[in-house]
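Working notes for the structure below.
Whatever order the structure lists them in is the order used to number ligands and atoms, beginning at 1.
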Amino acid sequence: MNNKKIYICPSILSADFRKLEQEVKDVEQAGADRIHCDVMDGHFVPNLTFGPMVIEAVKKCVSIPLDVHLMISNPEKYIDNYCNAGADILTVHAEVCKEGLPEVLAAIESKGVKRGVTVNPDKGIDLFLPLLEQIDQVLIMTVYAGFGGQKFISEMLPKIRSVRDTALEREHPIDIQVDGGINDETARECAAEGANVFVAGNYIFGADNYGRKIDALRQGASTGNAR
Ligand code: DX5
Ligand code: ZN
């Protein structure tokens with residue numbers, strides 16, 4: 001039984017950027033808990049999105065926390081920029097930080113920002129598990145970083161459970177986030193393994209009624225959570 005609070009995080013990657021202010025205000029109004037911001041550099045991933053200026057602008061539009069997912073090379077160079085822009089949670093990829101990961105985590109913490117770590121689906125959680133006590137949120141990628149609208153990779157489900165079990169063993173409270181191909185059904189499957197933070201791009205922004213989708217996601221996650 002998993003009693004952790006559930007957080008729903010719409011990913012603005014799928015928002016209509018012509019009216020980004022309205023989009024983020026609408027999902028906040030519709031019950032979102034955090035705004036997920038996907039930063040891509042065209043180098044670590046083959047897609048390019050936005051940088052700190054957009055984060056700073058979004059920060060001014062909403063009062064819920066900003067959850068910033070950095071899909072960039074050399075993240076250590078930009079930690080201050082993203083923290084200063086308004087990130088409340090900053091997630092880095094362990095496979096890019098390599099042996100520099102402890103310093104990156106310390107830099108994030110020194111800015112008073114929550115520390116998030118992830119890896120792509122083909123990389124192991126062993127890249128960050130030894131540092132679990134220095135991490136506030138683990139993100140299990142359920143698609144390859146780079147694009148919205150991809151199909152959920154169900155082979156990632158055991159990773160969620162391994163992180164959950166290790167955190168329980170070490171008595172370290174941690175949020176477990178999932179990102180990629182999340183809908184009410186996949187959210188339920190992830191919650192059953194121990195996930196409590198749900199990112200969704202297309203599922204929410206692709207719909208006419210954001211509130212209905214956020215509620216359905218929360219409902220799916222709660223069903224899995226109660227298992
Ligand atoms: C993928 C991003 C995701 C993306 C998810 O690289 O990290 O946050 O926006 O989009 P959906 O929910 O459409 O799979
Ligand atoms: Zn993301």
Ignoring angles and geometry beyond distance, decide whether Asp179 reaches within less than 3.5 Å of ligand 1 through its nitrogen or oxygen atoms. yes
Decide whether Leu101 and Ile79 are clustered together by the hydrophobic rule: side chain heavy atoms of Ile, Leu, Val, Met, Phe, Trp, Tyr closer than 4.5 Å, transitively. yes
Would Asn84 and Lys111 count as a side chain to side chain donor-acceptor pair (under 3.5 Å) here? Give the steps. CA-CA 8 Å; Asn84 294 342; Lys111 300 292 286 183; 2.8 Å; yes
Are Glu109 and Arg115 ion-paired here, with the side-chain N under 4.0 Å from a carboxylate O? yes
Under 4.0 Å to a heavy atom of Ala200 - the qualifying atoms of ligand 1, by number: 12 (O)
Check this for me: does any side-chain nitrogen of one of Asp184 and Arg212 sit under 4.0 Å from a carboxylate oxygen of the other? no
Find all atoms of ligand 1 within a distance of less than 4.0 Å from any non-hydrogen atom belonging to Met40, and give their numbers and elements. 6 (O)
Asp16/Gln22 under side chain to side chain donor-acceptor pair (under 3.5 Å): CA gap, chis, key distance, verdict: CA-CA 9 Å; Asp16 183 342; Gln22 197 54 50; over 6 Å; no
Taking only heavy atoms of His36, which atoms of ligand 1 are found under 4.0 Å from at least one of them? 8 (O)
I'd like to check which ligand 1 atoms, numbered from 1 as shown, lie under 4.0 Å from a non-hydrogen atom of Ala145. 6 (O)
The protein heavy atom nearest to atom 10 (O) of ligand 1 is Gly148 CA, 3.6 Å
Do Asp88 and Lys59 meet the salt-bridge criterion of a basic N to acidic O distance under 4.0 Å? yes
Does NZ or CZ of Lys5 lie under 6.0 Å from the centre of the six-membered ring of Tyr7, at an angle within 45° of the ring axis? yes
Taking the N/O/S atoms of His36 one by one, which is nearest to the Zn ion (ligand 2)? NE2
Checking side-chain contact (heavy atoms from CB on, under 4.5 Å) against Lys159, which of Glu155, Met156, Arg161 comes through? Met156
What atoms of ligand 1 come within less than 4.0 Å of a heavy atom belonging to Val199? 8 (O)
Closest non-hydrogen atom pair, Ser73 against His43: OG-ND1, 2.6 Å
Got an N/O contact under 3.5 Å between Gly181 and ligand 1? yes
Would one find an N or O of Met71, backbone or side chain, under 3.5 Å from an N or O of ligand 1? no
I need the atoms of ligand 1 closer than 4.0 Å to a non-hydrogen atom of Gly180, numbered in the order shown. 14 (O)
The Zn ion (ligand 2) is nearest to which N, O or S atom of His69? ND1
Check against side chain to side chain donor-acceptor pair (under 3.5 Å), Glu189 and Ser154: CA-CA 9 Å; Glu189 292 174 33; Ser154 58; 5.8 Å; no
Parallel, tilted or perpendicular: which describes the rings of Tyr210 and Phe205, with under 30° parallel and over 60° perpendicular? perpendicular
So the atoms of ligand 1 within less than 4.0 Å of a heavy atom of Asn202 turn out to be 11 (P), 12 (O), 13 (O)
Ignoring hydrogens, just give me the one of Ser11, Gly206, Gly146 whose non-hydrogen atom is nearest atom 9 (O) of ligand 1. Ser11
Atoms of ligand 1 less than 4.0 Å from His69 heavy atoms? 7 (O)
Restricting Asp38 to its N/O/S atoms, the closest one to the Zn ion (ligand 2) is OD1
Tell me, please: is Phe147 in heavy-atom contact with ligand 1, that is, under 4.0 Å? yes
What do you reckon, does Gly149 have a nitrogen or oxygen under 3.5 Å from a nitrogen or oxygen of ligand 1? yes
Hey, is Arg164 close enough to Glu193 for a salt bridge, meaning N to O under 4.0 Å? no
Check all N, O or S atoms of Asp179 and name the one closest to the Zn ion (ligand 2). OD2
For atom 12 (O) of ligand 1, closest protein heavy-atom neighbour: Gly201 N, 2.8 Å
